[in-house]
Structure formats: structure tokens, C-alpha cells
Amino acid sequence: VGNINIALIGNPNVGKTSVFNQLTGLNQQVGNYPGITVEKKVGICKLASNLKATILDLPGTYSLNASSLDENVVIELLLNKNDKDYPDVAIVVTEVENLKRNLLLFTQIKDLEIPTILVINMADRMSYKGITLDIPYLEKMLKTKVALISSRKNEGIDELKNLIIKYKNIPTDPCLNASEIDPIYFDNLRKAFPNQLLYKLWLVITQDVNFVDLDRKELPNPSFTKSKEDLKRLQHKETIKRYQFINEVLKVGQTVDINSAKDLRSRLDRILMHKVYGYLIFFGILMLIFQS
Ligand code: GDP
Ligand code: MG
């Protein structure tokens, strides 16, 4: 029986565990607070009579610029091709209401040149929020396959399984050209390590993680190990570049029409807006009466 290794990655609270449960038929605890998935959990998803997927539900992480133990678990797995759990496919789970923030992590995973499927979860919330998405456009710009799903309503899961089966069709081009972060620094890096993926190198330099292809000791000192402040500055630049890219993509790929939103908050906002206009007109008329 063929097996596909899958890593399920995403920010806290996007519905990773719900998607995991849908795919594997397991019943892991779902929670609406972050940090409930504290360790790697494994499940099996049957894809066809002779094909299965082994799925890892990883702890929620906001980015690969690790600051917590949870985030380190994800980075260490993705940097080590020899890890027995190293994924054939990464599935980055996002959700419709926080897509912009969620996509930061997606672009980072994508830049590790692992076939990456983008799952946009909580599709059932779209009409409430007045959100529409141009999926073909998102697929083109993000160079990936997108599954728009609702794990709560069990919608889109079969489509996701089909994307997993055909994971070899997913392009592995990165979203961001790492050299853009700092052309001179990254050019030197490329010259010193011509066979390494630039973005991986960058993660090894900035994070305190083990990386089997390259030991931190191999980094020539001090030219590549800049000061902590300099590295922080470059990381900040990386984040800005990523959000620039994401904003460009979402400008066309996502529309939010507050007037068609059905959720209570948007409705209240609209009513309050009308109220404000109402009061302004009312006081305007009062002023006119007093003046005359
Ligand atoms: P995780 O932290 O990424 O593992 O997310 P969970 O699977 O624990 O889910 C977080 C919260 O989102 C829970 O309250 C879920 O019930 C809710 N949730 C998950 N999937 C969906 C969905 O498709 N639609 C809606 N409306 N809520 C969802
Ligand atoms: Mg979870």
C-alpha cells in the first residue's frame, strides 16, 4: 500500500484538529483556545484502495520565525529531510476571516519548496462576513492548489483528498525570492553554499535549530552570523516583504462586502452608522431652527 506523509500546519485556532479529525475519522479534542495541540498527533487517512496518507497534526504556529517551543517542533521537522516524518506534502490550514495573517505562514512553508496545499477553512462563515474569494486567482498567484472547505459542515473534504492524491502536480516554486530581503547578504550566502536552499539557510542562521544537511558550525564566522540586532532587522524586512506580497494577492483574490454580511456585528456596525447619520441630521436641523 502506498503512503503519503502529510504535515498539517497552521496558526492556532484555524481548525487544524477539525480537519485532521475529518481526514482521519479520529476524534481529537477540538478547542477554541490556542495551544490545545501540544504535541505531534498522528492519524491515517484512506485515500484509495491501495493508497493511504499518514497525517501529522502539528501544534499551532504563527510563523517560522520561532519564538516558542511549539514553533520549533514545526521548523525542526521541515528542515530535516531525514526525519521519518518529513512530509511529502504540507497542508497549511487557514480560515476565511483571518486569511491575511494566516498566509504569512503559508508563504514561509511554500518557500521551503515542499509541495504545499492551501486549505481555506470555515467557508461556512463567508456569507456571514460578506467575503468572496477568487480561488483560481489565488491558486495562480500563490502557485498552489487551494481547497475551500468547511470542516464543521464536512464540505470540501473529498476535494482536499483528491488534491492530496495528485500532490505531485503542485508546483514547488517559492513565493518570495529570499535575495530580495537583502541582495548583498543573500548573494554571499548563495556563493558560500551553492547547493542549499537560500530560505532554509536563512532559517538555520536565524533560528537555533538542528539541520542535518548543514551544521551551524559550518557557517563561517562572523560574515554570516550577523549581530542579533541585524538579524532581527532582516527578519522584520522579510515579514514586511511577505505582507506586501499577500496584500497584492488579496487585493484581487478576496472581496469583503460589509453590506452583504449577515453576522450580527456587521449588522450592528451598519445600524450604528445609520444612527450616527441620523443624529447628525437631527442636530443639523435643531441648529437651523435655533439660528432662525
Ligand atoms: P486548531 O487550533 O487549529 O486545531 O483548531 P480547532 O480544530 O481546535 O478549531 C478551533 C475552533 O474553530 C473550534 O471552536 C472549532 O469548532 C472551530 N471550527 C473548526 N472548523 C470550523 C469550520 O469549518 N467552521 C466554523 N464555523 N468553525 C470551525
Ligand atoms: Mg489543534
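Note that the coordinates shown come from a computational prediction; the quantities given were computed from them, not determined experimentally. Numbering of ligands and ligand atoms starts at 1, following listing order.
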### Message
With a cut-off of 2.8 Å, does Thr17 put an N/O/S atom close enough to the Mg ion (ligand 2)?
### Response
yes

### Query
Does ligand 1 have an atom under 4.0 Å from some heavy atom of Ser151?
yes

### Query
Would Glu238 and Tyr199 count as having a side-chain donor-acceptor pair, cut-off 3.5 Å?
yes

### Task
Determine whether the side chain, the backbone, both or neither of Ile149 has a heavy atom under 4.0 Å from any heavy atom of ligand 1.
neither

### Query
So, are Lys232 and Glu229 salt-bridged, with charged N and O less than 4.0 Å apart?
no

### Task
Could you tell me whether Ala123 and ligand 1 have an N or O pair separated by under 3.5 Å?
no

### Message
At less than 4.0 angstrom from any non-hydrogen atom of Arg125, what atoms of ligand 1 do you find?
### Response
26 (N)

### Task
Using distance alone, determine whether Pro12 and ligand 1 share an N or O pair under 3.5 Å.
no

### Arg152, any N or O under 3.5 Å of ligand 1 N or O
yes

### Task
For Asp124, take its heavy atoms, then give the atoms of ligand 1 lying under 4.0 Å from any of them.
22 (C), 23 (O), 24 (N), 25 (C), 26 (N)

### Summary
For Lys110 and Cys175, the nearest pair of non-hydrogen atoms, with its separation, is CG-SG, 3.7 Å

### Minimum heavy-atom distance Leu201-Phe193, with the two atoms named
CD1-CB, 3.7 Å

### Message
Looking only at side-chain N and O atoms, does Glu95 offer a donor or acceptor that is under 3.5 Å from a partner on Asn98?
### Response
yes

#### Entry: Under 4.0 Å to a heavy atom of Ser18 - the qualifying atoms of ligand 1, by number
6 (P), 7 (O), 9 (O), 19 (C), 20 (N)

### Query
Does a donor on one side chain and an acceptor on the other come within less than 3.5 Å for Asn102 and Thr94?
no

### Query
If you draw a 6.0 Å radius around OH in Tyr128, do more than 12 non-hydrogen atoms from other residues or ligands fall strictly inside?
no

